[in-house]
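In what follows, a single structure is set out as structure tokens and then discussed.
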Amino acid sequence: MSFLKGTKLYSIFTGTCPVCHQESMYKESNPYKMTKIFQMHERCFHCGTKYKIEPSFFFGAMYVSYALGIAFAVAAFIITYFLFGGGLMTTFIAITGTLVVFMPVIIRLSRNIWINVFLHYKKPD
């Protein structure tokens, strides 16, 4: 992933600070530790960027989460229905299972995308 460093995609996929790309925004890097999925550092230790720009800042990430959920569901449908020839009930189960399994990843990705809309990378001096 180092070839993407300096781009928004790097910060989105790695969960690093959108300004300096030096450290993770999250206290726990594993999104599947459900008790710590929303725990973020207050500021970046490297550049001092405040992650929670204002109260309830990440409520906007719910809209991104909805779009990502639809993308994951459509992908599960296409794979199940067209590649494996599954029926209606099989595709429903595949979509539901996909959304349940990838829910922590979708939450983290939506937060990463949302903060990268407002903050931009600054090259080190």
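What you see is a predicted model, and the numbers here were worked out from it, not measured in a lab.
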Task: From CD1 (Ile95) to CD1 (Ile70), nearest 0.5 Å - done: 9.5 Å
- [ ] For atom CE of Met34, decide whether the heavy atoms of other residues, nucleotides or ligands shown that lie under 6.0 angstrom number more than 12.
- [x] yes
Open item on the list: Centre-to-centre under 6.0 Å for Phe118 and Phe57, is that the case here?
Closed with: yes
TODO: Quick one: closest heavy-atom pair of Val101 and Tyr32, and the distance?
DONE: O-OH, 2.9 Å
- [ ] Under the side-chain contact (heavy atoms from CB on, under 4.5 Å) rule, what do Phe102 and Leu68 come out as? Steps first, then yes or no, please.
- [x] CA-CA 10 Å; Phe102 286 105; Leu68 286 175; over 6 Å; no
Open item on the list: If we ignore hydrogens and angles and just use 3.5 Å, is the side chain of Thr80 paired with the main-chain N or O of Ala76 as donor and acceptor?
Closed with: yes
Task: Over 12 foreign heavy atoms within 6.0 Å of CG, Leu88 - done: no
- [ ] Quick one: which residue pairs count as a side chain to side chain donor-acceptor pair (under 3.5 Å) with a foot in residues 104-113, not counting sequence neighbours?
- [x] Tyr26-Asn112
Task: side chain to side chain contact (heavy atoms under 4.5 Å, CB included) partners for Asn116, two or more places apart - done: Lys8, Ser11, Ile12, Pro18
TODO: Compare every heavy atom of Cys47 with every heavy atom of Thr49, then report the nearest pair and how far apart it is.
DONE: OG1-SG, 2.9 Å
Open item on the list: Atom OH of residue position Tyr63 - does it have more than 12 heavy atoms of other residues, nucleotides or ligands inside 6.0 Å?
Closed with: no
TODO: Starting at CD1 of Ile115, measure out to CE of Met40 and round the result to the nearest 0.5 Å.
DONE: 5.5 Å
Open item on the list: Would you say that more than 12 heavy atoms from the other residues, nucleotides or ligands in this model lie under 6.0 Å from the NZ of Lys5, or not?
Closed with: yes
TODO: Return the minimal non-hydrogen interatomic distance between Phe72 and Thr98, and the atom names on each side.
DONE: O-CG2, 4.1 Å
Task: Co-membership, hydrophobic cluster, residues Ile107 and Met25, 4.5 Å side-chain - done: no
TODO: Could you tell me whether the side chain of Tyr51 reaches within less than 4.5 Å of the side chain of Cys17, counting heavy atoms only?
DONE: yes
Open item on the list: Starting from Phe92, can I reach Met103 by hopping between I/L/V/M/F/W/Y residues whose side chains sit under 4.5 Å apart?
Closed with: no
- [ ] Using the rule that two of Ile, Leu, Val, Met, Phe, Trp, Tyr join whenever any of their side-chain heavy atoms come within less than 4.5 Å, decide whether Ile53 and Trp114 are in one cluster.
- [x] yes
Task: same_hphob_cluster(Tyr121, Phe13) at 4.5 Å side-chain heavy-atom cutoff - done: no
Open item on the list: Within the structure provided, determine whether Ile79 and Phe84 are in side-chain contact (heavy-atom separation under 4.5 Å).
Closed with: yes
Open item on the list: Can you pull out every salt bridge (Lys or Arg N to Asp or Glu O under 4.0 Å) where at least one residue sits in residues 19-32? Sequence neighbours excluded, please.
Closed with: Glu28-Lys33
Open item on the list: Would you call the rings of Phe77 and Tyr81 parallel, tilted or perpendicular, taking 30° and 60° as the class edges?
Closed with: parallel
Open item on the list: In this structure, would Leu109 and Tyr66 fall into the same cluster of hydrophobic residues linked by side-chain contacts under 4.5 Å?
Closed with: yes
Open item on the list: How long is the straight-line distance from CG of Leu4 back to NE2 of His21, given to the nearest 0.5 Å?
Closed with: 10.0 Å
